[in-house]
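The next block holds one structure in the form of structure tokens; read it before the comments.
The structure presented is a predicted model; accordingly, all values stated were derived computationally and were not measured. In the text below, chain A, chain B and the rest are named by the order of the sequence lines, each starting its count at 1.
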Amino acid sequence: MTKPVRVRFAPSPTGYPHVGNIRTALFNWLFARRYGGSFIVRIEDTDVTRKVEGAEKGILDALRWLALDWDEGPDVGGDYGPYYQSQRLKLYKDAAEKLIAQGDAYYCYCSPERLEEMRAEQVKRKQPPGYDRRCRDLTPEERAEKEAEGIVPVVRFKIPLEGQTRFKDLIYGDVVFENSTLDDFVLLKSDGYPTYHLANVVDDHAMEISHVIRAEEWISSTPRHLLLYQVLGLEPPQFIHHPMILGPDRAKLGKRHGAVSILDYREQGYLPQAMFNFLALIGWSLDDKTEIIPRQVLVDNFSLERIGKTGAIFNREKLEWMNGVYIRSLTPDEFFEAVQPYLMNDIAAGEALIGSEDYVRRILPLVQERAKTLLEVVELTKFFFVDELDYDASMLVGKNMDAQSTVNALKAAQQKLKPMTAFDADSLEAVLRPLAPELGLKTGQLFSVLRVAVTGQTAAPPLFETMAVLGRERSLKRIAAALSKL
RNA sequence: GGCGCAUUCGUCUAGGGGUUUAGGACACCUCCCUCUCAAGGAGGAGAUCACCGGUUCGAAUCCGGUAUGCGCUACCA
């Protein structure tokens, strides 16, 4: 019997939900769903000084936005809780004490100042920085002395001086570290909180995590974790490290590269299903050609083996394209639902939406295939919602035309439109298309004059559909306004 | 500096000894469609598979070295 798959996403609430972290969550979630396992969220709030108010909410919001539902964790609970490390302090303390008792850890009384000086000196002498183990073999008398001084110690791990630690990463293969290159890292801080290393090992075991899927930046920490499992007498989980997401300069994606919070992308009008698809495709591929992959197909086909080994630059242009593909695939109702919050954020569009949902619903199909993001829809539809168009009169004059012929064209169009009974796209086309030759103009010339008059733009949705949605009254009003500009 | 990992078109990638004149996607260019813009269709350009050496009848694919990049090197995660 093989152990059930249990994976975890363990964010620390110190900031916004980083694109890279969320992708790690996505891989974990995909793996859990693919193999019928459990996806667990554990909040690693062990750094009191870096804790940011609202960070946890942002991270959980991001998971919810992408519908990465968790089986155990905040809100939902579970049999292995609590799921906040700040509520499991006793566990870490017990583990640290056990290690001290068996001689695998020790109290260290070195001050932060001394450590800093030591490191500076090491760097100066071009030696590898690391704790010099001054407190490793303190006598009971020396310890008592330090205690008497009132120094609150940290607990450090006693790294074996010799030998090597190796593991088989499911993606990177065999990785070997010489123990001599590892230093006696801190297990328990002086404030009683554990460091990541201790808390992680204790909890991953306590929560029966079967696979640790995390970013490549953790690969160098893995031997420490393995050594901890060893002295604690615990069986370690499988380790899987995946490549990181890079900025355009190939450095770890960070704030200076622009939007790195996944929530920023939601704000900018990206669809969660597009983001989901896009994130999955950074460092993972289904085959040699499939790009658009529905969620369920992703779940059914995800595999760790197909994750590559090289860091990938976050390609915004491709994300935009993909978002456009997903936007176009929406039904009219879905598109309306998706776009609604963005329209509501705009004054004119919001008013229109409240005034007449039907009007908005007739507008949307005209821009759906033109929008790359939902936010862009607001811009593309703006001219439908304002009373007066703001554009320069010179835009009205068509190619190879002058002011006079433009005026003539607008007036002729007015005459044709006024008596129309039906004002649908087909009728409009039937009336306006023959008008161009009558005026000695090419259709393109006439239509472009009308387009600017009616939309205030040279690029817009198809003219007749646009006029039909605007309606006779509004269309004629805009043509009159155009004439008064000339 | 030490340790670790990586290296296929600008970018994301397929490919894991012969089927490869290295395939796909984004971006770019041309043409078609067309009332503009999109979308769509058809093409194009773009990679001496980081470099050097080895193994082999044969290497992008296996091995070694070099270079470069990135990560870690905290009482951060």
Side-chain angles (χ1 to χ4, degrees), chain A residues 10-15 21 44-47 49-50 108 110-112 115-116 119 122-131 152-156 169 172-173 175-178 180-183 185-191 193-197 199-200 215-223 241 243-244 246 248 250-252 278 281-292 306 308-322 324-325 328 367-372 380 429 432-433 436 442-452 455 457-464:
Chain A
S12 87
T14 54
N21 290 138
E44 309 223 322
D45 51 351
T46 57
D47 188 341
T49 60
R50 290 206 312 155
C108 168
C110 294
S111 70
L115 294 174
E116 206 171 303
R119 263 190 297 271
Q122 287 165 333
V123 171
K124 212 173 101 187
R125 285 199 259 151
K126 298 201 181 251
Q127 286 176 338
Y131 181 55
V152 183
V154 300
V155 175
R156 284 185 186 273
D169 188 285
Y172 287 98
V175 185
V176 187
F177 286 84
E178 292 294 330
S180 59
T181 63
L182 271 24
D183 78 341
F185 60 97
V186 173
L187 255 20
L188 214 55
K189 303 181 236 181
S190 56
D191 64 1
Y193 278 76
T195 58
Y196 170 85
H197 306 295
N200 220 250
E216 191 207 322
E217 55 188 316
W218 292 106
I219 222 166
S220 335
S221 300
T222 306
H241 294 90
M244 300 187 303
L246 278 21
R250 295 217 142 268
K252 189 169 158 181
F278 180 70
L281 242 30
I282 301 182
W284 179 88
S285 61
L286 175 61
D287 54 28
D288 60 340
K289 49 193 55 151
T290 315
E291 305 279 343
I292 303 299
R306 289 198 67 84
K309 297 181 181 183
T310 56
I313 292 174
F314 191 82
N315 187 343
R316 265 163 229 256
E317 282 175 330
K318 191 155 182 173
L319 203 214
E320 246 189 36
W321 162 77
M322 193 171 278
V325 172
R328 273 172 254 132
V367 297
Q368 185 168 357
E369 72 170 23
R370 276 159 248 270
K372 292 254 193 303
L380 292 173
E429 178 157 17
L432 292 175
R433 196 172 280 281
K442 289 184 177 168
T443 50
Q445 289 176 302
L446 204 220
F447 293 173
S448 120
V449 171
L450 288 173
R451 173 172 301 105
V452 173
T455 69
Q457 305 166 356
T458 52
L463 183 60
F464 311 121

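Base-pair partner of B:C70: B:G4 (Watson-Crick or G-U wobble, both distances under 3.5 Å). Using Watson-Crick or G-U wobble geometry with both donor-acceptor distances under 3.5 Å, B:G64 finds its partner in B:C52. When both pairing distances are held under 3.5 Å, B:C57 makes a Watson-Crick or G-U pair with B:G18. In this structure, B:C37 makes no Watson-Crick or G-U wobble pair, since no nucleotide meets both defining distances under 3.5 angstrom. Nucleotide B:C9 is matched to nothing when pairs are restricted to Watson-Crick or G-U wobble geometry with both distances under 3.5 angstrom.
Checking B:C5, B:C76, B:G40 against the side-chain heavy atoms of A:T195 singles out B:C76 as nearest. Minimum atom distance to the side chain of A:T310 is reached by B:U7, of the listed B:G24, B:A77, B:U7. In this structure, the nucleotide among B:C75, B:G24, B:G4 sitting nearest to the side chain of A:R119 is B:C75. The side chain of A:S285 approaches B:U13 more closely than any other nucleotide in the set B:A77, B:A74, B:U13. In this structure, of B:C26, B:A77, B:A25, it is B:A77 that holds the atom nearest to the side chain of A:W218. Nearest nucleotide to the side chain of A:D288, out of B:G15, B:G23, B:C72: B:G23.
Here the P atom of nucleotide B:C75 and the CG atom of A:D47 are 12 Å apart, to the nearest Å.
Two residues, A:A312 and A:A459, neighbour RNA chain B, and the one matched to the more 5' nucleotide by heavy-atom proximity is A:A312. Ranked by how close their nearest RNA chain B nucleotide is to the 5' end, A:K372 and A:E429 are led by A:E429.
For the atom pair CZ (A:R306) and CG (A:D287), the distance works out to 7.0 Å, reported to the nearest 0.5 Å.
Looking at A:S220, its side chain has no donor and acceptor atom pair within 3.5 Å of the base of B:C3. Taking 3.5 Å as the limit, the base of B:C37 and the side chain of A:R370 contain a donor-acceptor pair of atoms between them.
A:V123 is not listed as a side-chain neighbour of A:K126, based on a closest heavy-atom distance of 4.5 Å or more. Between A:H197 and A:V186 the shortest side-chain heavy-atom distance does not fall below 4.5 Å. Taking 4.5 Å as the limit, every side-chain heavy atom of A:F314 sits out of range of all side-chain heavy atoms of A:L246.
For B:G1, neither phosphate oxygen OP1 nor OP2 lies less than 4.0 angstrom from any side-chain nitrogen or oxygen of A:K124. OP1 or OP2 of B:C12 has at least one side-chain nitrogen or oxygen of A:R250 nearer than 4.0 Å. For B:A74, neither phosphate oxygen OP1 nor OP2 lies less than 4.0 angstrom from any side-chain nitrogen or oxygen of A:K189. Phosphate proximity of B:A6 to A:K309: present, with a side-chain N or O under 4.0 Å from OP1 or OP2. For B:U73, the OP1/OP2 oxygens have no side-chain nitrogen or oxygen of A:T181 closer than 4.0 Å. Side-chain nitrogen and oxygen atoms of A:R328 include at least one within less than 4.0 Å of the OP1 or OP2 phosphate oxygen of B:G40.
Backbone-only engagement by A:V186 is indicated by non-hydrogen atom pairs under 4.0 Å involving sugar-phosphate atoms exclusively. Counting non-hydrogen atoms under 4.0 angstrom, A:E317 reaches the backbone sugars and phosphates but no base. A:R50 comes within contact range of at least one nucleobase, with a heavy-atom separation under 4.0 Å. When heavy atoms are screened at a 4.0 angstrom cut-off, A:F177 is found touching the sugar-phosphate backbone but no base atom. Residue A:K252 is in sugar-phosphate contact alone, with no base atom involved, counting any heavy-atom pair closer than 4.0 Å across all strands shown.
By the 4.0 Å N-to-carboxylate-O rule, A:E216 lies too far from A:K309 to be salt-bridged with it.
Taking atom P in both B:U7 and B:U61, one finds a spacing of 11 Å when rounded to whole Å.
Both the sub-6.0 Å distance and the 45° axial angle are satisfied by A:R156 relative to the ring of A:Y131.
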